[in-house]
Number of protein chains: 2
Amino acid sequence: MNGVPGAAGEGPPREPAYDLIELMFFAYRDFVSDPDHVLERFQFGRAHHRVIHFVHRHPEIRVADLLDILRITKQSLARVLRDLIEQGFILQKEGQADRRQRLLTVTEKGQALALELARLQTERFTRAIAASGTPRDQAVRFLYAMIDPDAREEVTRMITQAGRAVPQKDR
Amino acid sequence: MNGVPGAAGEGPPREPAYDLIELMFFAYRDFVSDPDHVLERFQFGRAHHRVIHFVHRHPEIRVADLLDILRITKQSLARVLRDLIEQGFILQKEGQADRRQRLLTVTEKGQALALELARLQTERFTRAIAASGTPRDQAVRFLYAMIDPDAREEVTRMITQAGRAVPQKDR
DNA sequence: CATTTATGTCAGCCATGTTGACATATTCGA
DNA sequence: TCGAATATGTCAACATGGCTGACATAAATG
């Protein structure tokens, strides 16, 4: 109780973490900038990147599940999905159990693009981990803890279950 | 030379770091979402947030320097700056040495908003650091290392020099 | 005094998000 | 079996926040 900043009993620190806030801002900006140049070649933007990434990660994903992950509307998705399908990066397949569904999967061309984009971002992480001496799992835990608590479970599931078909509702 | 993944001589790992890539995506999404609700009350968006943040951090900043930090055009800045000035969050002052300059500073009202927004994001970092057991300076080093090498020097200067007047060019 | 610089502004375009309304095909449930 | 619910698609209109290009003004500079 002596007015020293950081003394016990104050709860969370009062000083704004300007360094972390600004580092996060610039780190993310550069993190998403690598793919931009590659995407330009196809007249694609970041919205296309997100779609092809998550479709690549979740073959035969349902449109509704993709919308849940991206948190956008079907109208927003439709625009970029049209481009990706027309240019042969993604294909649609009728659901077997439920023929209303249009299951989305990347083509070989789409997979190649998704892998190239992931490779660029992976290299940034690899370099950052090495240069900063951060244990990889420490970085994972830190970023995970930055996510809203009520979204974490779903993110964990998404990351660990990727590649498996998205479970359908009980029938 | 036995085909074991991760064996020496392969250079950087070939496996895409999907977990880190997706965690970064979701972490950033939530990181910027806290301020959104506060900004809504003033009909402000994320562009307003960035401007008020950096003006708060750099009192009497020149328009040209703000544009450099944000990497946007003056036309883009003009739109949000107009709102912020009209609603009394930022004020312009003629430069003393150079009267062409319009030095930008937050008002008290603007400072209050900037501090509130920074507080929300700081709390997220504080919780994440505690929950993940990441030393604070480890998080700083990691995020710093995620930034493009040729941008790091400027970011360091920006973070450490904040609050001081931006140095003018030699005269 | 001519040129450069700092800033502002108008107009229009693009990417990507939104809401609302409506259409179609299919599945589900009473 | 039939009406309701569901999965998806589409059209139109609008908001935000980027962009380029063209031009204007005031002040500094050589």
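Since the structure is predicted, the reported quantities are computational estimates derived from the model, not experimental observations. Residue numbering restarts at 1 for every chain, and letters A, B, ... go by the order of the sequence lines.
Side-chain N/O atoms of B:Q75 and base N/O atoms of D:dG17 include no donor-acceptor pair closer than 3.5 Å. Residue A:R79 places a side-chain atom within donor-acceptor reach of the base of C:dG17, judged by atom type and a 3.5 Å distance cut-off alone.
The side chain of A:R50 places an N or O atom within less than 4.0 Å of a non-bridging phosphate oxygen (OP1 or OP2) of C:dG17. Phosphate proximity of D:dA28 to B:R100: absent, as no side-chain N or O sits under 4.0 Å from OP1 or OP2. Phosphate contact (OP1/OP2 of D:dA26, side-chain N/O of B:Q101, threshold under 4.0 Å): absent. Distances shown here put a side-chain N or O of B:S76 below 4.0 Å from the OP1 or OP2 atom of D:dC19.
The CZ-P distance, from B:R99 to D:dT25, rounds to 17 Å in whole Å. When the C1' atom of D:dA27 is taken as reference, atom CZ of B:R102 falls 9 Å away, rounded to whole Å. Nucleotide D:dA27 holds its P atom 17 Å from the NZ atom of B:K93, rounded to whole Å.
Taking the centre of each ring, B:F44 and B:F89 come in below the 6.0 Å mark.
A salt bridge does not link A:R41 to A:D36: none of the charged nitrogens lies less than 4.0 Å from a carboxylate oxygen. A salt bridge links B:R141 with B:D137: at least one charged nitrogen is closer than 4.0 Å to a carboxylate oxygen. Salt bridge status for A:D68 with A:R62: absent, with no side-chain N to carboxylate O gap under 4.0 Å.
When each of D:dT8, C:dT27, C:dT16 is scored by its nearest atom to the side-chain atoms of A:V80, the top-ranked nucleotide is C:dT16. Taking every side-chain heavy atom of B:K74 into account, D:dA22 is the closest of D:dA22, D:dT20, C:dT27.
Nearer the 5' end of DNA chain D, as judged by each residue's closest nucleotide, is the contact made by A:A64, out of B:G45 and A:A64.
Taken to the nearest 0.5 Å, the CG atom of B:L66 stands 13.5 Å off from the CZ atom of B:R57.
Across all strands shown, B:H49 has no heavy atoms under 4.0 Å from either base or sugar-phosphate atoms. A:R71 comes within 4.0 angstrom of the backbone, heavy atoms only, and of no base. Across all strands shown, A:Q92 has heavy atoms under 4.0 Å from sugar-phosphate atoms exclusively, and none from any base.
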